[in-house]
Amino acid sequence: MLCFYPAVTHYAVIYQNFALGIGMLVLLILVAAALLPGRSKWLVAAVLPLLLLVPVDPGILLFCPPVIINVLGCGFFGMSLREGREPVISRIARLERGELPAELAQYTRRLTWIWTVFFALMALLSILLAAFAPLTVWSLFSNLVNYLLVGFLFFGEFVYRRIRYRHYHHAPPFQVIRSIWDKGAARLKS
């Protein structure tokens, strides 16, 4: 679903098939609600009636997800940088390898900053393109290129880390994702 959403939404925007775009948005919200724990799923599901009942041009609603997703990403990473909190990337690295050496702790903190700034820039670019660029340019960037850049940053950082910190063991990216997923699912069950 997450893989098809950007491409289908891009198609819906370009061909102004807003019913298809809104349908994908509703489906994305339902999938998110199903994956979230406890009360969170009901909060997300509560967005549906608002989405369907608020008298807003359906085309406008399709501009929201890329901005909201990037703002949430910025907030998720950025809030972990507050005083007394462990940066998100540090927490992930600690799940993978246990206690972090000082140089990796410093690196993971900087990397959390990079992700925070990255998501802020993606949200800002999406807003600016929505306001000033042709619809096709906005949609191409916000619904496709944006997500490719996330992947590029994720895998590019992995390659950089393997070169820069070659004296440490580094699990492959998909193994790290799987480990995080498994540990997160185990915490939700307990």
Side-chain angles (χ1 to χ4, degrees), residues 1-3 5-6 9-10 21-22 24-51 54 56 60-96 100 104-132 138-139 141-158 160-161 173 176-177 179-185 187-188:
M1 172 65 198
L2 292 176
C3 294
Y5 174 78
T9 302
H10 177 65
I22 297 301
M24 284 301 291
L25 186 56
V26 167
L27 193 55
L28 181 67
I29 291 169
L30 288 172
V31 168
L35 293 174
L36 289 171
R39 286 185 237 162
S40 301
K41 72 174 55 195
W42 300 113
L43 182 64
V44 170
V47 170
L48 280 177
L50 295 174
L51 182 69
V54 173
V56 174
I60 298 296
L61 292 175
L62 296 179
F63 284 92
C64 297
V67 174
I68 291 169
I69 290 167
N70 282 306
V71 167
L72 289 174
C74 177
F76 176 71
F77 285 92
M79 294 297 283
S80 74
L81 291 166
R82 293 188 344 210
E83 187 69 34
R85 308 267 320 254
E86 181 178 30
V88 169
I89 306 295
S90 301
R91 193 173 332 132
I92 292 169
R94 202 172 36 74
L95 282 173
E96 178 192 348
L100 293 178
L104 286 183
Q106 182 180 19
Y107 171 73
T108 56
R109 182 171 193 75
R110 279 195 313 262
L111 186 57
T112 302
W113 269 108
I114 289 169
W115 277 102
T116 303
V117 171
F118 171 83
F119 282 120
L121 287 174
M122 293 299 103
L124 180 62
L125 277 170
S126 189
I127 291 168
L128 290 173
L129 289 173
F132 301 111
W138 168 83
S139 184
F141 174 80
S142 296
N143 290 314
L144 298 172
V145 172
N146 180 31
Y147 300 109
L148 292 174
L149 290 174
V150 169
F152 180 75
L153 180 56
F154 181 79
F155 288 105
E157 183 280 325
F158 175 75
Y160 170 80
R161 184 171 20 101
V176 173
I177 292 168
S179 175
I180 292 166
W181 183 266
D182 291 345
K183 289 175 182 178
R187 282 191 180 144
L188 288 176

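As the structure is a computational prediction, the values presented were derived from the model and not from experiment. The figures that follow rest on heavy atoms only: side chains count, while hydrogens, waters and symmetry mates do not.
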Nearest 0.5 Å, please: how far is [atom2] in [Y] from [atom1] in [X]?
| X | Y | atom1 | atom2 | answer |
| --- | --- | --- | --- | --- |
| Leu124 | Asn70 | CG | CG | 10.5 Å |
| Glu157 | Leu111 | CD | CG | 4.5 Å |
| Phe77 | Phe118 | CZ | CZ | 10.0 Å |
| Ile89 | Thr108 | CD1 | OG1 | 8.0 Å |

Which heavy atom in [X] sits nearest to a heavy atom in [Y], and how many Å separate them?
| X | Y | value |
| --- | --- | --- |
| Trp115 | Val150 | CH2-O, 3.6 Å |
| Arg91 | Glu86 | NH2-O, 3.2 Å |
| Thr116 | Cys74 | O-SG, 3.5 Å |
| Ser90 | Leu100 | O-CD1, 3.7 Å |

Checking the side chain of Arg161 only, and the main-chain atoms of Tyr107 only, is there a donor and an acceptor separated by less than 3.5 Å?
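Checked: no pair found.
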query: Are any side-chain N or O atoms of Ser126 and backbone N or O atoms of Met122, one a donor and one an acceptor, separated by less than 3.5 Å?
result: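 No, the answer is negative, given that no donor and acceptor are paired below the 3.5 Å cut-off.
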| Is it the case that more than 12 heavy atoms not belonging to Phe154 sit under 6.0 Å from its CZ atom? |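 Result for CZ/Phe154: enclosed.
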(request) Step through the shown structure and confirm whether more than 12 heavy atoms of other residues, nucleotides or ligands are within 6.0 Å of CZ on Phe155. (result)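 More than 12 within 6.0 Å, yes.
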Side chain proximity check, Leu149 to Phe141, heavy atoms < 4.5 angstrom:
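Contact flag for Leu149/Phe141 side chains = yes.
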Distance-only side-chain donor-acceptor flag, Asn146 / Ser142, under 3.5 Å |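 No - no donor-acceptor pair under 3.5 Å links their side chains.
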